[in-house]
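The analysis underlying the following values was restricted to heavy atoms, covering all of them including side chains, and did not include hydrogens, waters or symmetry mates. Quantities reported herein were computed from a predicted structural model and do not represent experimental measurements.
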Amino acid sequence: MRENWNTWMALVVAGGAIGIAAGAYTQGRVELVSRPLKSITLNTGAYGVAKGQIDRRSVSISAQEDMHIVAIEHFVGVGLGTHSDNGHMLSLSSENAWTKWESGGTGMEPTGASGYFGYCGRDYYGEIGGIQDVMAYESLPAGTHILVPRGQTLYMHCYAHNFTTEPTGYFHHAVRVLYWQ
């Protein structure tokens, strides 16, 4: 009878240890939080750039709530199927950095530039393939985000270079920002 008692107590102690370990594991586990995503679009609309000219423009929105950006959908369009050199990027700075990067010759940013994100450019890769517009989806790594605090301005700085001797028809930059509040 004593043997049964010892065996039973050993099972109770072992079961309790397993239960405590399982409880500790549950408490240490990361709890997934479901947050609804919202979106907002920054859009230049279609605009013309004269042949041989460069256009640098910015559009902006004011954050009506904290925006925790987790993904960015980019669109670059060029009319009439011509080649061009253009791009855009997002920033909390009002300075359109494309103006200070003109000495680079290509209009692209130098290595090590900081303070800008969500870059999509050089749509002529798509033109060579016969596609007039380029769309790209850029998601941030799981668990990360870019914060735009409520009341701050988010800028989309654009660059469009019509380096051809032909009219392009139009350029068009649009970015849809996916975020949670």
query: Who passes salt bridge (Lys or Arg N to Asp or Glu O under 4.0 Å) against R150, sequence neighbours left out?
result: none

Would you say that [X] contacts [Y] through its side chain, given a criterion of any heavy-atom pair below 4.5 Å between the two side chains?
X    : Y   : result
Y159 : M89 : no
I54  : V49 : no
Y116 : E95 : yes

field: Pairs where residues 60-72 contributes a residue and the test salt bridge (charged side-chain N to carboxylate O under 4.0 Å, His left out) is met, not counting sequence neighbours
entry: K38-E65

Look up atom [atom1] in [X] and atom [atom2] in [Y], then write down how far apart they are to the nearest 0.5 Å.
X    : Y    : atom1 : atom2 : answer
R176 : S39  : CZ    : OG    : 5.5 Å
R56  : T99  : CZ    : OG1   : 7.0 Å
H161 : F171 : NE2   : CZ    : 8.5 Å

So, for [X] and [Y], which heavy atoms are closest and what is the spacing to 0.1 Å?
X    : Y    : answer
G118 : H74  : O-CE1, 2.8 Å
A160 : N86  : CA-CB, 3.5 Å
S91  : G115 : OG-O, 3.0 Å

Taking ILVMFWY side chains as joined if any heavy atoms are under 4.5 angstrom apart, and letting links pass through other members, which residues group with [X]?
X    : value
L37  : V70, W180
L42  : I40, V59, I61, M67, I69, I72, L90, L92, F117, L140, I146, V148, L154, M156, V175, V177, Y179
L147 : none
Y137 : L178

- prompt: So, N43 and H172: side-chain donor and acceptor under 3.5 Å apart, yes or no?
  reply: yes

message: Can you list everything that forms a side-chain hydrogen bond (donor to acceptor under 3.5 Å, both in side chains) with H68? Sequence neighbours excluded, please.
response: none

message: Tell me every residue that passes side-chain hydrogen bond (donor to acceptor under 3.5 Å, both in side chains) with S58, counting only those two or more places apart in sequence or in another chain.
response: N96, H157

query: What pairs with S62 under side chain to side chain contact (heavy atoms under 4.5 Å, CB included), at least two apart in sequence or on another chain?
result: Q64

task: Give the C-alpha distance, both sets of side-chain angles, the deciding distance and a yes or no for side-chain contact (heavy atoms from CB on, under 4.5 Å) between S94 and Y155.
output: CA-CA 7 Å; S94 62; Y155 297 89; 3.4 Å; yes

